[in-house]
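Just so we're on the same page: letters track the sequence lines, and every chain starts at 1.
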Amino acid sequence: MHKKFEHSEIERKWQQQWAADKIYATNDTTDKPKTFVLDMFPYPSGEGLHVGHPKGYIATDIYSRFKRMSGCEVLHPMGWDAFGLPAENFAIKNKVHPRVAVDKNVARFKEQLEVLGFDYDWDREINTTDPEFYKWTQWIFVQLYKKGLAYQSHEPINWCPGCQTGLANEDLESDGTCERCDSVVEKRPMRQWVLKIREYADRMLEDLDTLEWPEHIKEAQRNWIGRSEGAEIDFRLSTSDSVTVFTTRPDTLFGATYMVLAPEHELVAKNKDTISNWNEVEVYIKEAASKKEMERLDDTKEKTGVKLEGITAINPANGEAIPVYIADYVLASYGTGAIMAVPAHDERDHEFASKYEIEIRAVVRKSFGESLPDPVLRVAAGAIVHDPKTDKYLVQYSHEFEKYSFIFGGLEDGETYAEAAVRETLEETGYHTKFVRYITDETESQFYHPGKKINRFLVSRRVLLELTDDKPEEVPEEELAKQKPVWLTKDELFQKLMEVEEEAYAIDQLFNPTPFTGVGTLCNSGEFDSMTSEEAGRAITEKVGGRLTNTYKIRDWVFSRQRYWGEPFPIVHMADGTALPIAEEQLPVVLPEVEHYEPAGDGQSPLANIADWVNVTGYITEDGNFMVADTAPEGRELVEAKRETNTMPQWAGSSWYYLRYIDPHNSDALIDPEKEKRWQPVDVYVGGDHAVRHLIYARFWHKFLYDIGVVSTIEPFQRLEFLGFILAEDGRKMSKRWGNVINPDDIVKLVGADTMRVYEMFMGPFENTIAWSQDGLAGARRFLERVNGLSEHVNKSGSEAATRQLHKTIKKVAADIEDFKFNTAVSAMMMYINTAEKDCLTQAEYETFLRVLAPFAPHLTEDLWHRAGKSNSIHLEPFPEYDAKLATDTEITIGVQINGKVRGDITIAPDASEAEATSAAKTNERVASYLAEGEIKKIIYKPGKILNLIVQ
RNA sequence: GCCCGGGUGGUGGAAUUGGUAGACACGAGGGACUUAAACUCCCUUGCCCUCAAAAGCGUGCGGGUUCAAGUCCCGCCCCGGGCACCA
């Protein structure tokens, strides 16, 4: 009989005891090794938590408990990311201060977390809206400003008409709508504070390699930063202006047959008078500006553009004059807003050039095969003939090499590839044909020619011909003896010509022509011919006076919002327009009370309406800060200034909050350097969803703080574990809208926190998104009830099976917790219970098992621990160590295969010899019957794994 | 389109370096207990054939390497995520 347990009573009792004893308080001064375990702190919404939210917190709780039991000093804190629009919108709607809503929501969240029995050290709780916290957010901003990394910009920025505020690029959905309210975002010129995150792009990219993060998150960060390596090259215009383009392919410069400027490029309007078709150009610019945001989404739309009549550019590689276009496929905001267009080697340029009939000049040959010594050059056409009547293709079959191929023929003096192809086809196959089109540009390949015993260097171009009459000429016998013409269907081409890489490429291009965008060997490029793309890229850049450089997708971070509920900028504007930081000793600049939280609608934040607050007097200190004061000291002038009325985005506080947990009450510094060294970096950081942006911003600030000596590590989060969500039982997201939200309080009331914890960890791999199952929850409860009744199976002698199983379980659970494989850890403990119930266990083993389970089910194990006569907390006990001998079996069962198929099994010592294993196998009836059918020719024996007998 | 992950029973999922595929749990079926139900306990549970045993099939599909493939290689299909005219 398994005893039920009174979860509510037990859980309440021990939670109170733990809090009273402060058993989870973090000690800064022990000499134990440290572990900093961090959850992405929540935004305390009015909705409260559903059962999906605590999943990550359960994991960090188990991990931190395990680390504490393993002898580490653990920092496992929690706090609140409480600035931002939801609280502000709530305030507007209910006409209460956002602080009221925040305090209420925080209290509710905290209550919900506490019933789950987490081991947070609440003395270190932080809240981003607390002036003592945002004082340091402001302080970091001042440092950024002083280092020139924060600046004001008047460029058009994303404006959300719904939220009445400016947004960073990252706040937009990919279709150009606001991620919060789905409004179509507009461009509006507006004064903004911007942070130079781009200056950190290279370091953020390179240091990713030092991090133990899931590959998909690293990849998302790389995408976001979007570094392209290439060169800037200057093109002279006929107007005597010079345009700089960015290209990743300077090796293709000789193929640049036109140039494109973004419609917004400054040189377009500047040369208005030189452009003879200005009217047409102006119309295009206006259209591009108005439709851009809406139509960017549509990648199927045809490319458009207008030639700038009266202007040409000089290709610096060959001195040729090339046309200049404006087109909206070139973005003003990326690179230099201008490109050199190489239609032969870029798909977009190819499409545009085809439409506007611009020359397409190939300058890179695709190259096949390794480079060989003393190659002998041959230039040849490779022909394939299409018969439109039968829809078949004519190729050659070589008797000598037993291979199909294109019809090859060398170029004679002055011949084109097309002419050679037609002539050669007639000579070798007798068919009359005409030229249709080139299938490929020139390609080259090197290979050993067995017939001629030379290394062949073949330059060739594939040609499509069409049959013009079906009465072939007679072909000499000796030609046919070497190779014969064969007609193949399209399907047969793919079957018979895909073996040689070069032929496969040609066949692919025949049916699916695309410009060659890969790297290869240069041609049509003067002195650079026969260089590789890589060599030529550097050499050409140098010759034309270009600069090797990188460019990035990531834009500088638009950091100001025109809303109320955020950190005020510690900045004043002087009458002459300069912006000065508030003196550091006057931080924080406290968010003032306002009558209305609504945005003004004119792009100003509600703070702009508070004249008393905005207008200040003070003086400029020696080091250039602004000291708010009614009077100025000797030698200083009392001046008037206006406060900055924008506020910071919600990302500000979350970009550094993890540091404050280390030293949450320090009023003199953001963090004490000794404590920082003690605790940084975060050893394990757990979260999901918004991961990419938050992590980018936090890594940026952290690197900046490293540069100014505040932190000692180059990265904040050494290891990151990605959290998979919990769906509702119907497989949909939990949402009020669907009415499928499961509230953790109800679950705790029903089956207890321990059960919910065990269940959520057992559901599946931590990073998987899995639907909730009430039946699964009941299974977890059954497991804990069996644990509760386990003491009935205790006797003096126990059993060897249970002892061995226990040591295996200790080993498995410890390793799995370290790896965040909680599902298999729970499974191992279930297996132990199965064995222990059946075979009995000793009292010592019982107590050991309780300690293994303690991180998962802290309340029940604590209760059973005390009922076993202990007086200290189980959570301060050491995690059990396993005995390696006992964790290994003395006898194991391995499979016996006959000719690779499993036909039985044998139970032997793990280190049994081959002879022992084989003789054991012979006693197996089934195996023996197979052995009777022949002789053992070969024995493959891998001790502990498999015995495979090859019988004939 | 490009870049990352993935595809295993009715379900969630297990499976060191290739070595008995389906651990553990849920669900389902059968039985015990009970006046009855719930709870609990015991048995069965990949598919197919079968009274049963044995044989056969089986980790998205098609090939390959190997004594041996969920695992490695090549070519496809499908799903999830990220990026998307980024020069």
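Remark: the separation of the C1' atoms in C3(B) and A55(B) is 48 Å, to the nearest Å. With both ends at atom C1', the span from U71(B) to U8(B) equals 12 Å, rounded to whole Å. Comparing C73(B) with A25(B), their C1' atoms sit 36 Å apart, to the nearest whole Å. Across C77(B) and C61(B), the matching C1' atoms stand 7 Å from one another, rounded to whole Å. On the C1' atoms, C41(B) is 8 Å away from C33(B), given to the nearest whole Å. Nucleotides G60(B) and G13(B), compared at atom P, are 15 Å apart to the nearest Å. Distance noted for atom C1' between G22(B) and G9(B): 7 Å (whole Å). Between G5(B) and U20(B), the two C1' atoms lie 30 Å apart (nearest whole Å).
Atom CD of Q774(A) has more than 12 neighbouring heavy atoms from other residues, nucleotides or ligands inside a 6.0 Å radius.
A salt bridge links R547(A) with E232(A): the closest approach of a Lys/Arg side-chain nitrogen to an acidic carboxylate oxygen falls below 4.0 angstrom. A salt bridge does not link K355(A) with E351(A): none of the charged nitrogens is closer than 4.0 Å to a carboxylate oxygen.
Regarding contacts with the backbone of A84(B), every side-chain N or O of Y329(A) stays at 4.0 angstrom or more from both OP1 and OP2. Between R786(A) and U40(B) there is no side-chain N or O to OP1 or OP2 distance below 4.0 Å. In this structure, R903(A) reaches the A55(B) phosphate: one of its side-chain N or O atoms is under 4.0 Å from OP1 or OP2.
At whole-Å resolution of the value, CZ in F783(A) and P in C26(B) are 12 Å apart. In this structure, the CD atom of Q897(A) is 11 Å from the C1' atom of G18(B), given to the nearest Å. Residue I898(A) contributes atom CD1, which lies 11 Å from atom P of A55(B) at whole-angstrom precision. One atom, CD1 of I946(A), and another, C1' of U71(B), lie 15 Å apart when rounded to the nearest Å. The distance between atom NZ of K901(A) and atom C1' of G58(B), rounded to the nearest whole Å, is 11 Å. Atom C1' of nucleotide C2(B) and atom CZ of R222(A) are separated by 16 Å, given to the nearest angstrom. In this structure, N899(A) places its CG atom 12 Å from P of G56(B), rounding to the nearest Å. Between the CD atom of E347(A) and the C1' atom of A84(B) there is a distance of 13 Å, given to the nearest Å.
A cation-pi arrangement is found for K490(A) relative to F511(A), the charged atom lying closer than 6.0 Å to the ring centre and inside a 45° cone about the ring normal. Judged by the 6.0 Å and 45° rule, R222(A) forms no cation-pi pair with W213(A). In this structure, K303(A) is not positioned above the aromatic face of F352(A) in the sense of NZ or CZ being under 6.0 Å from the six-membered ring centre and within 45° of the axis.
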Nucleotide pairing, RNA chain B (Watson-Crick or G-U, distances under 3.5 Å), in dot-bracket with [ ] and |
(((((((..(((......[....)))((((((.......))))))((........))..(((((..]....))))))))))))....

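If you check every strand for non-hydrogen atoms under 4.0 Å, Y930(A) touches sugar and phosphate atoms only. Residue G779(A) is in sugar-phosphate contact alone, with no base atom involved, counting any heavy-atom pair closer than 4.0 Å across all strands shown. Among the heavy atoms of the strands lying under 4.0 Å from R926(A) are primed sugar atoms or P, OP1, OP2 only; no base atom is included.
Residue-to-nucleotide contacts include no donor-acceptor pair under 3.5 Å from the side chain of E219(A) to the base of G5(B). Residue N948(A) places a side-chain atom within donor-acceptor reach of the base of C67(B), judged by atom type and a 3.5 Å distance cut-off alone. Contact of K218(A) with C4(B) (side chain to base): no donor-acceptor pair of N or O atoms is detected under 3.5 Å.
If you find the closest nucleotide of RNA chain B to D775(A) and to R249(A), the one lying nearer the 5' end belongs to D775(A). Each of G335(A) and R782(A) was matched to the nucleotide of RNA chain B holding its nearest heavy atom; the match closer to the 5' end belongs to R782(A).
With sequence neighbours left out, the side-chain hydrogen bond (donor to acceptor under 3.5 Å, both in side chains) criterion links E229(A) to R227(A).
For G9(B), the base is syn relative to its sugar; the glycosidic angle is within 90° of 0.
Remark: the backbone N or O of L208(A) is paired with a side-chain donor or acceptor of K218(A) at under 3.5 angstrom.
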Please walk me through it: do E760(A) and K55(A) pass salt bridge (Lys or Arg N to Asp or Glu O under 4.0 Å)?
CA-CA 6 Å; E760(A) 292 202 4; K55(A) 183 177 162 188; over 6 Å; no

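Less than 6.0 angstrom separates the ring centroid of Y258(A) from the ring centroid of Y325(A).
With hydrogens and angles left out, the side-chain atoms of D234(A) and T244(A) include a donor and acceptor closer than 3.5 Å.
Residue N223(A) has its side chain nearest to G82(B) when only G82(B), C85(B), A55(B) are considered. Taking only side-chain atoms of S228(A), from C-beta outward, the nucleotide of C85(B), G19(B), A87(B) with the closest atom is A87(B). Here the nucleotide nearest the side chain of I940(A), chosen from C67(B), G5(B), C26(B), is C67(B).
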Return the polar atom pairs (N/O with N/O) between nucleotides 13-16 of chain B and the protein under 3.5 Å, or none.
unit_1, atom_1, unit_2, atom_2, d
G13(B), OP1, N768(A), ND2, 3.0
A14(B), OP1, N823(A), ND2, 3.2

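With a 4.5 Å cut-off on side-chain heavy atoms, M734(A) and F725(A) do not count as touching.
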